[in-house]
Trainee: 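Quick one: the structure is below, and I'll ask about it shortly.
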Number of protein chains: 2
Amino acid sequence: MRTHNKLATREAISTAALRLAVEKGPGGLALVRVRDIAEAAGVSPRTYNNYFSSREEAICAVESDRARRLGQALLSRPTAEPLGQAIAAAAIEHYGTAEPDKVGLRMIMSTSALEGEALKAFTTAEEPLAAAIAERIGTDPAHDLFPQVMAAAIAGAVRVAARHWLNRDNTESFATVLGRALAHVLPSADPSDS
Amino acid sequence: MRTHNKLATREAISTAALRLAVEKGPGGLALVRVRDIAEAAGVSPRTYNNYFSSREEAICAVESDRARRLGQALLSRPTAEPLGQAIAAAAIEHYGTAEPDKVGLRMIMSTSALEGEALKAFTTAEEPLAAAIAERIGTDPAHDLFPQVMAAAIAGAVRVAARHWLNRDNTESFATVLGRALAHVLPSADPSDS
DNA sequence: GCACTATATGCGTGCCACGCAAGTTGTGAG
DNA sequence: CTCACAACTTGCGTGGCACGCATATAGTGC
């Protein structure tokens, strides 16, 4: 199958890009040359550019792809579950199992040159997430802002949780931190905080 | 004063950049050359590059600067006000009075090449906002995620509200849309939605 | 008035994204 | 089985951009 091969090379390129970026460290992103990425992925530089239109995009593609699947995770929750619980469970399952690659994630989130692309990656989750929420509560996203606002809040919580989880070298699992962060924005789960 | 001149030229460059981008339209961002921006701002191309390290950054600087001041707006609210009300009032005042330049904002938010930088611009609000919230409720941001999560949710709500306000050519003021969006995430203002 | 520092500018360099066209490989119809 | 076709890869050339460095200029404090 051709599409299979396309996905394989795409992943090869993005993986190689992230690996090289990690090797050079947050400061030396400018030293990650396109030809290095292409060479590491076993393709020509021109082919790399057929898949990604910037090094940043290639480096963040892994996170971007993961975020895009969050909406799917929500859809697979039982419909009987209350919305807030379903979201929390979906997110924790999605990000908790197969804990994110700490090194790669830290690279992405601590490199200023990758800031915009990293935000794009997290924000990628919003559209499918909003669609899933809208379907779950059965509203028209054209007039009700709740699905999109909630999706943005969730994506933001995931991002904040990731930042916290990376910065303090605590022993908490990412799932734990994520759960605490989500509790602040999920509906009908408003703990008296602080 | 030297700093005053620096701010003036910075604003001149960003304004010129945004104006040219609007003229070319969302599709033709690649046609906005650096030398055009510099010429329109009355500086040399090299000087432009001393202020901004990319065209995208220059174009979005106006929105970025505005977002950065949102935290300040919250700090100037009376401390007696409940947090949710204070945030809503601060945001609506900050973005509602002097309604955002609809054309420029639409340009920024509908141009895919500007997506990352636009997200950076909105996200700029988060840090000062989180600091303001933390100061208001008196918690330590190092351990309590609430300020950062709430700040991210607010910034997301502003972004969603802006998108909605731009896309539908409705007669609602931005302040109205923003208020509706914020109501979905602000604490102790949880309307039975949908 | 003078030395000094911050800012503006010109020039040169390396790299990058992408259009274009040719080569290569897998695919489906007859 | 063969052949025509489509998808994918690759090489090459082009225009542009970010930035380091050295220089000119202008505003500042003693």
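Scope of the values below: all heavy atoms of this structure, side chains included, with no hydrogens, waters or symmetry mates. Just so we're on the same page: letters track the sequence lines, and every chain starts at 1.
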Trainee: Let me spell it out: for each of Arg55(B) and Thr9(A), pick the nucleotide of DNA chain D with the closest heavy atom. Which residue's pick is nearer the 5' end?
Mentor: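 Its nucleotide being nearer the 5' end, the pick is Thr9(A).
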
Trainee: Find the distance between CG (Leu29(A)) and CD1 (Ile59(A)) and round it off to the nearest 0.5 Å.
Mentor: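 The CG atom of Leu29(A) sits 4.5 Å away from the CD1 atom of Ile59(A).
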
Trainee: Check the distance between dA8(C)'s C1' and Tyr48(B)'s OH and give it to me in whole angstrom.
Mentor: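 The distance from OH of Tyr48(B) to C1' of dA8(C) comes to 16 Å, rounded to the nearest Å.
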
Trainee: Describe the nucleic acid contact of Thr47(A) in one word from base, sugar-phosphate, nothing, applying a heavy-atom distance below 4.0 Å.
Mentor: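 Result for Thr47(A) = base.
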
Trainee: Measure the distance from CG on Asn50(B) to P on dA18(D) and round it to the nearest whole Å.
Mentor: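 Distance check: Asn50(B) CG to dA18(D) P gives 12 Å.
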
Trainee: Which nucleotide sits closest to the side chain of Ser44(A): dG11(D), dT9(C), dC19(D)?
Mentor: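 Closest nucleotide to the Ser44(A) side chain: dG11(D).
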
Trainee: Would you state whether a donor and an acceptor, one from the side chain of Arg46(A) and one from the base of dG19(C), lie under 3.5 Å apart?
Mentor: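 Indeed there is one.
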
Trainee: Just checking Phe52(A): base, sugar-phosphate only, or nothing, at a heavy-atom cut-off of under 4.0 Å?
Mentor: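 Since no nucleic acid heavy atom lies under 4.0 Å of Phe52(A), the category is nothing.
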
Trainee: Is Ser110(A) reaching over with its side chain to a backbone N or O of Arg106(A), donor-acceptor style, under 3.5 angstrom?
Mentor: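 Yes; at least one donor-acceptor contact below 3.5 Å.
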
Trainee: From the list dA17(C), dC18(C), dC19(D), which nucleotide is the closest neighbour of the side chain of Ser53(A)?
Mentor: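 Of the options given, the side chain of Ser53(A) lies nearest dC18(C).
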
Trainee: Under 4.0 Å between a side-chain nitrogen and a carboxylate oxygen: does that hold for Asp65(B) and Arg10(B)?
Mentor: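 Yes, charged N to carboxylate O under 4.0 Å.
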
Trainee: Base, sugar-phosphate, or nothing: which does Tyr51(B) touch, judged by heavy atoms less than 4.0 Å apart?
Mentor: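 Answer is sugar-phosphate: Tyr51(B) comes under 4.0 Å of backbone atoms only.
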
Trainee: Under 4.0 Å between a side-chain nitrogen and a carboxylate oxygen: does that hold for Glu56(A) and Lys120(A)?
Mentor: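 Here Glu56(A) does not pair with Lys120(A) in a salt bridge, since their nearest N and O are not under 4.0 Å apart.
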
